[in-house]
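Worksheet: the structure to be examined is printed underneath.
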Amino acid sequence: EVQLVESGGGLVQAGGSLRLSCAASGFSLDDYSVGWFRQAPGKEREKVSCISTYHNTTYYVDSVKGRFAISSDKKKNTVYLQMNGLKPEDTAIYYCATVYCGLAMFEHRYWGQGTQVTVSS
């Protein structure tokens with residue numbers, strides 16, 4: 001059974017940092033790429049970042065480039081999203097999911113339950 005479990009969300013002041021974790025089970029990170037999406041209240045879900053360990057590629061939406069960094073630990077089968085320089089507009093529920101990851105990022109199939117990130121001004 002494929003499962004994705006996010007953790008690491010919380011409340012942080014603007015300019016602060018958080019690291020989100022997405023623990024995957026039921027598949028290897030070389031089998032599926034994993035990405036992060038976010039959804040703020042009243043807004044559509046948007047892509048944030050993804051990583052393909054098989055192709056050694058990453059993708060970032062323009063609004064997080066230079067502030068967020070995605071990485072993976074194959075031994076732990078976990079993907080991380082290091083978020084620095086957080087802004088109030090980064091406030092959202094963050095979801096990890098299996099994705100197609102390359103020059104762009106597309107939804108695949110499996111989703112985690114989400115973790116809340118709140119950035120205060």
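Sequence positions, counted from 1, serve as the residue numbers for this chain.
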| Full working for side-chain contact (heavy atoms from CB on, under 4.5 Å) between Q116 and T91 | CA-CA 8 Å; Q116 176 71 48; T91 295; 4.1 Å; yes
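Linking Ile, Leu, Val, Met, Phe, Trp and Tyr whenever their side-chain heavy atoms come within less than 4.5 Å puts Y60 and L20 in one cluster. Hydrophobic clustering places Y59 together with Y95 (ILVMFWY residues linked when any side-chain heavy atoms are closer than 4.5 Å, directly or through intermediates). There is no path of hydrophobic side-chain contacts, each under 4.5 Å, that joins V2 to Y100. If you chain together hydrophobic residues whose side chains sit under 4.5 Å apart, V34 and V64 fall into the same group. Using a 4.5 Å cut-off between side-chain heavy atoms of Ile, Leu, Val, Met, Phe, Trp and Tyr, with links allowed through other members, F68 and V117 fall into the same hydrophobic cluster.
Between the side chain of E6 and the main chain of G114, a donor-acceptor pair closer than 3.5 Å is present. A distance-only check finds no donor-acceptor pair linking the side chain of T98 to the backbone of Y32 [under 3.5 Å]. In this structure a side-chain-to-backbone donor-acceptor pair under 3.5 Å is missing from Q39 to A92.
One distance of note links OH of Y110 with SG of C96; it measures 14.0 Å at 0.5 Å rounding. The structure places CE of M83 at 8.0 Å from CH2 of W36, a figure rounded to the nearest 0.5 Å. The OH atom of Y54 sits 14.5 Å away from the CG atom of L29 when rounded to the nearest 0.5 Å. To the nearest 0.5 Å, atoms CZ (F37) and SG (C50) are separated by 8.0 Å.
A side-chain contact (heavy atoms from CB on, under 4.5 Å) with C22 is found for one member of L4, L81, T78 and no other, namely L4.
Comment: D90 does not engage K87 in a salt bridge, judged by the lack of any side-chain N to carboxylate O separation of less than 4.0 angstrom.
Closest of all the heavy-atom pairs between S17 and N84 is OG-OD1, 2.9 Å. Scanning all heavy atoms of the two residues, the minimum distance from K47 to M105 falls at NZ-O, 2.5 Å. The minimum heavy-atom distance between I51 and C101, with the atom names listed, is N-SG, 3.5 Å.
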